[in-house]
Protein chains: 2
Amino acid sequence: MTASNTPSSNPDDSETGVEGGRRRATINDIARLAGVSKKTVSRVINQSPFVRDETRERIEAVIAEWGYAPDPQARGLAFRRSFLIGMIYDNPNPQYVVNMQLGLLDGLRGSGFELVVHPCDRSSPTFLADIRAFVERQKLFGVVLPPSVSEDDRVAKLLNEIGCSYIRIASVELDKPEHMIVGHDRLGGAQAARHILSLGHRRIAFISGPATFRSSHERRGGFEDALAEAGLKLSDEDIVQGGYTFESGVACGDVLLARSPRPTAIFCGNDEMAAGVLQSARKAGLSVPGDVTVVGFDDFQIAQAVWPPLTTVRTPTREIGRMAAEKLLGVERPEPRDLTTTEPSLVVRESSGPVPA
Amino acid sequence: MTASNTPSSNPDDSETGVEGGRRRATINDIARLAGVSKKTVSRVINQSPFVRDETRERIEAVIAEWGYAPDPQARGLAFRRSFLIGMIYDNPNPQYVVNMQLGLLDGLRGSGFELVVHPCDRSSPTFLADIRAFVERQKLFGVVLPPSVSEDDRVAKLLNEIGCSYIRIASVELDKPEHMIVGHDRLGGAQAARHILSLGHRRIAFISGPATFRSSHERRGGFEDALAEAGLKLSDEDIVQGGYTFESGVACGDVLLARSPRPTAIFCGNDEMAAGVLQSARKAGLSVPGDVTVVGFDDFQIAQAVWPPLTTVRTPTREIGRMAAEKLLGVERPEPRDLTTTEPSLVVRESSGPVPA
DNA sequence: CTGAAAGCGCTTACAG
DNA sequence: CTGAAAGCGCTTACAG
């Protein structure tokens with residue numbers, strides 16, 4: 001047994017240590033300390049089945065004792081792939097973005113992967129080139145695409161070409177199942193319709209999100225389908241196009257509330273626009289829900305900060321994010337709760353009420 | 001000249017390429033193509049002055065022609081430092097978080113650095129150990145700490161120990177200048193006070209944020225100082241402690257508005273709480289600003305979504321983030337706009353008005 | 001089941 | 001001003 005094989009030649013004895021006098025243990029230290037080759041340590045790290053149990057236990061003990069964690073950078077270089085997950089997004093809503101990040105982080109926790117955020121602009125001429133440079137340069141393990149980036153088939157095509165795994169989050173299945181987490185916004189639209197119908201409303205209007213968001217169409221589709229079941233059909237002028245922003249909600253509200261006969265209920269593609277309609281109603285001297293019922297979508301914080309608090313449809317953004325990350329990493333969940341947990345659910349508050357007499 | 005030195009032996013001829021039939025150029029390809037050693041290419045990449053102009057130009061031409069970009073992972077391994085910047089935060093406000101991220105990304109753009117997000121919980125028993133593991137494992141180039149993590153001296157101490165550069169974002173200078181971006185919340189508090197005074201108010205109350213946030217004290221301090229200049233002093237009961245949340249704003253509003261005599265103006269530590277006070281006033285049948293003036297702080301989106309839109313103090317979060325990232329990377333700005341651009345500014349909207357007759 | 005050699009794409013001493 | 005050697009901390013073939 002050589003000197004270099006004795007326990008005393010441990011990392012702490014090193015004089016090349018950084019601040020604090022300690023150097024992080026490397027695979028070589030662990031190998032030497034466990035009396036095996038670094039290749040065998042590597043096998044343990046990578047959970048190879050071809051290691052004798054006794055050997056594995058010895059190595060794991062040394063790893064635990066030294067608090068060794070393999071260097072992701074070195075591992076990445078050898079693997080030709082980093083341990084980084086990218087979130088590429090253009091969603092303008094801060095709460096959506098933060099919830100999604102938290103969800104992704106939930107799914108990544110304990111895996112050793114980290115989250116790199118990458119906002120983008122779909123209308124930029126260098127949009128695709130930027131994404132390609134980002135993914136290739138960082139050798140991303142995979143990326144998660146929330147709407148509306150997720151709805152751009154060019155991005156999926158590009159990712160396929162450069163061999164980067166990806167998960168698209170969207171309101172409808174627009175790729176192979178292994179690349180999708182589906183939010184089922186359609187169901188949410190239907191829930192809003194049934195709630196509004198149950199309150200007796202018949203003169204109903206819809207403020208849609210921008211056509212560039214798939215969710216706009218799904219929320220509307222689900223809403224119209226459920227109305228149809230009750231024998232109601234929205235005419236073209238019952239539908240006004242907004243932009244998912246507060247200001248567009250005010251503008252659309254101004255248009256709808258000036259009509260006569262006035263709609264008694266307005267379903268809005270998201271909470272921002274619903275808050276805008278509230279504003280518009282106030283300007284027009286109309287009470288909510290006394291004169292008009294307003295229903296939103298998302299159940300973001302704004303839904304509770306306005307007056308009256310919004311009846312809305314909650315989307316489990318954080319849960320969806322967690323599932324996307326787990327799917328990307330190939331984590332198998334004991335119970336496949338996928339369908340149920342991504343479904344939206346109605347939250348009844350005070351902005352909806354019976355049809356005015 | 002050997003065959004391997006001819007242009008035809010370029011990366012595209014490789015048959016080991018990934019999907020798309022291309023392999024990314026490496027430093028070896030560039031060296032061969034330019035007829036120099038890879039060390040010299042490395043010098044060009046790292047902007048070493050010890051390269052003849054002619055040589056440099058030749059290499060740069062080859063780099064441009066092949067669209068070569070050095071592998072950050074390999075570079076990081078050799079440098080013992082990654083090209084990753086961490087944002088370690090516990091701020092609960094989504095808009096703050098997103099604005100800060102956008103600002104950091106502004107400052108990082110074009111530098112080759114990427115942003116890794118890392119929310120944390122200051123009350124967790126593993127708080128410091130988690131940060132240490134994160135920073136050391138990823139060999140972070142540096143980290144940015146927004147409030148309230150930035151206010152925790154244990155974090156700064158830890159970062160110093162492990163030799164990781166950091167920038168603390170806070171409302172007051174609590175570290176060496178090279179580690180600080182200061183937001184000067186104190187000035188914002190004073191601006192709010194002067195505005196309220198100019199409207200003739202004398203019965204004034206303050207809803208403070210949680211004591212764990214330094215900004216709570218700064219905003220209050222600036223507010224009280226400016227009141228003092230006008231000969232006004234807040235008594236203990238004029239100050240109510242909230243928690244920076246909408247709900248706490250409602251609760252504090254309920255307390256203050258039930259008093260008699262009632263305050264004619266309430267300055268709130270942030271917009272969330274101001275929105276809560278609006279809610280409370282509505283419940284009490286009080287009009288804003290007819291019966292009571294309400295002023296917030298931050299100018300986040302909620303300030304414009306409530307009714308009436310809030311008079312508030314805008315903090316340039318995104319700008320501050322950009323400056324933090326630039327400072328971390330050591331970017332020198334032509335004009336040192338530091339002081340002026342981090343200063344808050346008053347935004348007058350409709351929630352403030354003259355003292356009721 | 002285990003290991004010695006070569007390599008991932010860069011940089012740091014060390015020469016010249 | 002430029003380069004050959006060794007090394008960063010891992011993994012992938014290839015042997016045995």
Side-chain angles (χ1 to χ4, degrees), chain A residues 5 11 14 16-18 23-60 63 66-84 112 136-139 141, chain B residues 5 11 14 16-18 23-60 63 66-84 112 136-139 141:
Chain A
N5 203 19
S14 162
T16 64
V18 293
R23 202 195 74 212
R24 280 182 64 196
T26 72
I27 196 173
N28 289 308
D29 297 317
I30 303 300
R32 185 165 28 75
L33 259 12
V36 296
S37 77
K38 62 201 231 185
K39 175 60 211 168
T40 301
V41 177
S42 173
R43 287 196 179 88
V44 171
I45 293 170
N46 292 292
Q47 317 199 50
S48 158
F50 305 117
V51 181
R52 221 192 330 159
D53 283 348
E54 189 210 328
T55 313
R56 175 189 311 283
E57 279 159 24
R58 184 153 36 100
I59 294 173
E60 280 173 345
I63 287 178
W66 291 94
Y68 167 71
D71 181 331
Q73 219 149 26
R75 225 145 91 90
L77 183 59
F79 268 140
R80 289 164 193 74
R81 210 175 223 213
S82 75
F83 289 85
L84 264 19
E136 289 193 327
R137 197 154 304 168
Q138 301 301 324
K139 300 210 290 284
F141 180 90
Chain B
N5 204 18
S14 162
T16 63
V18 293
R23 202 194 75 210
R24 280 181 63 196
T26 71
I27 197 172
N28 290 308
D29 298 316
I30 303 301
R32 184 164 30 73
L33 260 12
V36 296
S37 77
K38 61 200 232 186
K39 176 58 213 172
T40 302
V41 177
S42 173
R43 287 198 179 89
V44 170
I45 294 171
N46 292 291
Q47 317 199 54
S48 157
F50 306 115
V51 181
R52 220 187 337 154
D53 283 348
E54 189 211 330
T55 313
R56 175 189 311 281
E57 279 159 25
R58 182 152 39 99
I59 294 173
E60 280 173 347
I63 287 178
W66 291 94
Y68 165 71
D71 181 331
Q73 219 147 27
R75 226 144 91 88
L77 184 58
F79 269 140
R80 288 162 192 77
R81 208 174 226 214
S82 75
F83 289 84
L84 263 22
E136 288 193 328
R137 196 155 305 168
Q138 301 300 324
K139 299 208 292 279
F141 180 89

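Throughout, protein chains are lettered first and strands after them, A, B, ... in sequence-line order, and every chain is numbered starting at 1.
- Of the candidates Arg137(B), Lys139(B), Arg80(B), Lys139(B) is the only one forming a salt bridge (charged side-chain N to carboxylate O under 4.0 Å, His left out) with Asp71(A).
- When every heavy atom of Arg24(B) is checked against every heavy atom of Asp29(B), the shortest pair comes out as O-OD2, 4.1 Å.
- Side-chain N/O atoms of Ser42(A) include one lying less than 4.0 angstrom from OP1 or OP2 on dT11(D).
- Within the model, atoms CG of Leu77(B) and CZ of Arg75(A) stand 13.5 Å from one another, a figure rounded to the nearest 0.5 Å.
- Once rounded to the nearest 0.5 Å, the distance linking CZ of Arg43(A) with CZ of Arg52(A) reads 13.0 Å.
- Which of dC10(D), dT2(C), dC10(C) sits closest to the side chain of Ile27(A) comes down to dC10(D).
- In the set dT2(D), dC10(D), dT11(C), dT2(D) carries the atom at the smallest distance from any side-chain atom of Thr55(B).
- One can place CZ of Phe50(B) at 12 Å from P of dT2(D), the figure rounded to the nearest angstrom.
- Taking CZ from Arg32(A) and CD1 from Ile27(A), the interatomic distance works out to 12.5 Å, rounded to the nearest 0.5 Å.
- Residue Tyr68(B) holds its OH atom at 12.5 Å from CG of Leu33(B), rounded to the nearest 0.5 Å.
- Side-chain atoms of Arg43(B) lie closest to dT2(D) of the nucleotides dT2(D), dC10(D), dA13(D).
- Distance, Lys39(A) NZ to dA4(C) C1': 12 Å, rounded to whole Å.
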Worksheet item: If you write DNA chain C from 5' to 3' in dot-bracket form, with Watson-Crick or G-U pairs under 3.5 Å, [ ] for crossing pairs and | for pairs with another strand, what do you get?
Response: |||.||||||||.|||
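- Under the 4.5 Å side-chain criterion, counting only non-hydrogen atoms from C-beta, Arg58(B) is in contact with Thr55(B).
- For Val51(B), taking side-chain heavy atoms from C-beta onward, the closest of the listed nucleotides dC10(C), dT2(D), dC10(D) is dT2(D).
- Between dT11(C) and Arg75(B), a contact under 4.0 Å exists linking OP1 or OP2 to a side-chain N or O.
- Distance CZ (Phe79(A)) to C1' (dC10(C)): 19 Å, rounded to an integer number of Å.
- Counting non-hydrogen atoms under 4.0 angstrom, Phe83(B) reaches nothing in the nucleic acid.
- As a whole-Å value, the separation of Lys38(A) NZ from dA5(C) P is 11 Å.
- Atom CD1 in Ile30(B) sits about 13 Å away from atom P in dG9(C), given to the nearest Å.
- Of the side-chain N and O atoms in Arg52(B), one or more sit less than 4.0 angstrom from OP1 or OP2 of dT2(D).
- Among the nucleotides dT2(C), dG9(C), dC8(C), the one closest to any side-chain atom of Leu77(B) is dG9(C).
- Contact check, Thr26(A) against dC8(D): no side-chain N or O comes under 4.0 Å of OP1 or OP2.
- Rounded to whole Å, the distance from CG on Asn28(B) to C1' on dC8(C) is 11 Å.
- Atom CG of Asp71(A) is separated from atom C1' of dG7(D) by 14 Å (rounded to the nearest Å).
- Scanning all heavy atoms of the two residues, the minimum distance from Phe83(A) to Gly76(A) falls at CE1-N, 3.9 Å.
- Closest-nucleotide positions on DNA chain C for Asp53(A) and Lys139(A) were compared, and the one nearer the 5' end corresponds to Asp53(A).
- When the side-chain nitrogen and oxygen atoms of Asn46(B) are compared with OP1 and OP2 of dT11(C), one or more of them lie within a distance under 4.0 Å.
- Look at Ser37(B) and you won't find any side-chain N or O under 4.0 angstrom from OP1 or OP2 of dT2(D).
- Straight-line distance from the CZ atom of Arg32(B) to the C1' atom of dC10(C): 16 Å, rounded to whole Å.
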